[in-house]
Amino acid sequence: MDIDINIPDIGLDEVEITEILVQIGDKVEIEQGIITVEGDKSSIEIPSSVCGIVKNIYIKIGDKVQTNSTIMTLKKDDFLLKKPDTNISEKKNKDFSKDYYSKEKYNQNTDLVHATPIIRRLARKLNIELSNIIPTGRKNRILKKDIELYIKNNVKSVEKNIFKEHKEDFSKNIDQLSIDNIVLSQNQISIGYNLHQNWVNIPHVTHFDEVNITTLEKFRQKYNREKQDEKNNITILIFIIKVLAHALEKFPIFNSSLSLDKKKIILNKNINIGIAVDVENDLVVPVLKDINHKNIIQISSELALILQKARQKKLEKSDITHGSMTISNLGGIGGTYFSPIINAPEVAILGVSKSVIKPVWNNKEFIPSMLLPLSLSYDHRVINGAQAARFLLHINKVLSDIHFLFM
Ligand code: CAO
């Protein structure tokens, strides 16, 4: 059995078809939207009053139709006619569900949701219920910006809820899983703050290299064996400090800071090297001054003295300021490479990891060699990659052959 579906009386002389929501062959349920029409005020979705299979569609988008224009035919053996909220089962012809589409009902519906087909399509695509949106357009019309604001607010509230849930979960987990609290020292809190600032504000790049220190190590160990003074062994760090000072003389851009307005690079006068020191889990960075004017023995004694001061927590402000660049040596502990965080206002930091013996090819054979891993983090606003590579190459060259220190 076929039944024609007509445009109901929606209180307008003529409306335009703006959307056809079904195709021939589709199964249509009662009250399922089948077309959208637009009048001069707003648009409305016309639902089907019967269920059945779409057999024919007589309209296309853009067509102008009037009340009772036939728009499609549905095929069904056993028609079910339904008028929502009213008993219409007895009505079985073209004049269906008039009450549902009465002018008052139409006005009520459009008063609730007043939007153009584009907006309706957008809402459908985004799966948004138009009745949830606060209209700000003329005559309560929902505008695109109303949808955007609705989405924005919803995303915000979802984010807020997720954060709240996470916070609750976090607190619950902490309560359930923790056994104790470790209270951070004032120094740890302020170091943490500075590290965070530097990490967030400085565009870091870390350049890695491996230095063959076989010859230097032989010399260092020989020196330590033969020296008269029992205390103060010269560690590899002392040579690294001296060589870094030499490199800073050759590459002054590494001995600088960026002006506050970030428009100038200020070159430092002196060459002072900061040494990151681990004192009972507290990080302190005492600064060794004027290293370019000091020899290896002097540097070693000065480091020993300032380390003692650091461990006794007697460092003064002048001991920890005006560094040109910092060295963080984890080689006494272990690890291959790491990315150190720049100690602002300095513009670079040298990370040193544990030297290990590895086979090195000399074009004839593999020679067991002592290789020292270096990690140079630099501020990319001040130093470019080529400068960093040259700087580290220079350090590599001098540590590999200490004679270059006199050049
Ligand atoms: N590779 C191999 N061996 C190394 C080495 C390296 N990179 N660095 C040091 N060593 C050796 C030393 O030569 C020494 O061996 P010898 O007795 O045979 O000479 C031994 O390790 C112990 O050295 P050390 O650590 O006592 O002395 P140092 O001069 O090398 O370093 C100091 C001094 C204060 C830097 C170090 O004790 C320290 O505190 N390191 C931790 C730094 C740190 O925490 N950095 C992280 C900062 S960011 O969180």
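Each ligand, and each atom within it, is numbered from 1 in the order the structure gives.
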S.K.: Restricting to pairs with a member in residues 316-337, which pass salt bridge (charged side-chain N to carboxylate O under 4.0 Å, His left out), not counting sequence neighbours?
M.R.: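 Every salt bridge (charged side-chain N to carboxylate O under 4.0 Å, His left out) pair that includes a residue of residues 316-337, provided the two are not neighbours, is Lys309-Glu316, Lys309-Asp319.
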S.K.: Can you tell me which residue among Ile349, Asn343, Ile327 is in a side chain to side chain contact (heavy atoms under 4.5 Å, CB included) with Val285?
M.R.: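 Single side chain to side chain contact (heavy atoms under 4.5 Å, CB included) partner of Val285 among Ile349, Asn343, Ile327: Asn343.
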S.K.: One thing to verify: whether Glu148 and Lys145 come together as a salt bridge, which I'm taking to mean a side-chain N less than 4.0 angstrom from a carboxylate O.
M.R.: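 No, this pair does not count.
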S.K.: Distances under 3.5 Å, N/O of ligand 1 against N/O of the protein: list each pair and its distance.
M.R.:
residue	atom	partner	partner atom	Å
ligand 1	1 (N)	Ser355	N	2.9
ligand 1	1 (N)	Ser355	OG	3.3
ligand 1	7 (N)	Asn329	OD1	3.2
ligand 1	7 (N)	Ser353	O	2.9
ligand 1	8 (N)	Asn329	ND2	2.9
ligand 1	19 (O)	Arg220	NH1	3.0
ligand 1	29 (O)	Thr235	OG1	2.8
ligand 1	30 (O)	Asn329	ND2	3.2
ligand 1	39 (O)	Asp278	N	3.3
ligand 1	40 (N)	Asn329	O	3.3
ligand 1	45 (N)	Ser328	OG	3.0

S.K.: Would one find more than 12 heavy atoms of other residues, nucleotides or ligands at under 6.0 Å from atom CG of Asn295?
M.R.: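 It does: Asn295 CG has more than 12 such atoms within range.
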S.K.: Can you tell me which residue pairs pass the salt bridge (charged side-chain N to carboxylate O under 4.0 Å, His left out) test with a partner in residues 354-382, sequence neighbours excluded?
M.R.: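 Checked against salt bridge (charged side-chain N to carboxylate O under 4.0 Å, His left out) - neighbours excluded - the pairs reaching residues 354-382 are Glu210-Lys358, Asp379-Arg381.
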S.K.: Please list all pairs meeting ring pair (Phe, Tyr, Trp, His ring centres under 6.0 Å) that have one or both residues in residues 233-275, counting only residues at least two apart or in different chains.
M.R.: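 For residues 233-275, and leaving out neighbouring residues, the ring pair (Phe, Tyr, Trp, His ring centres under 6.0 Å) pairs sorted by first residue read His246-His394, Phe251-Phe391, Phe251-His394, Phe254-Phe391.
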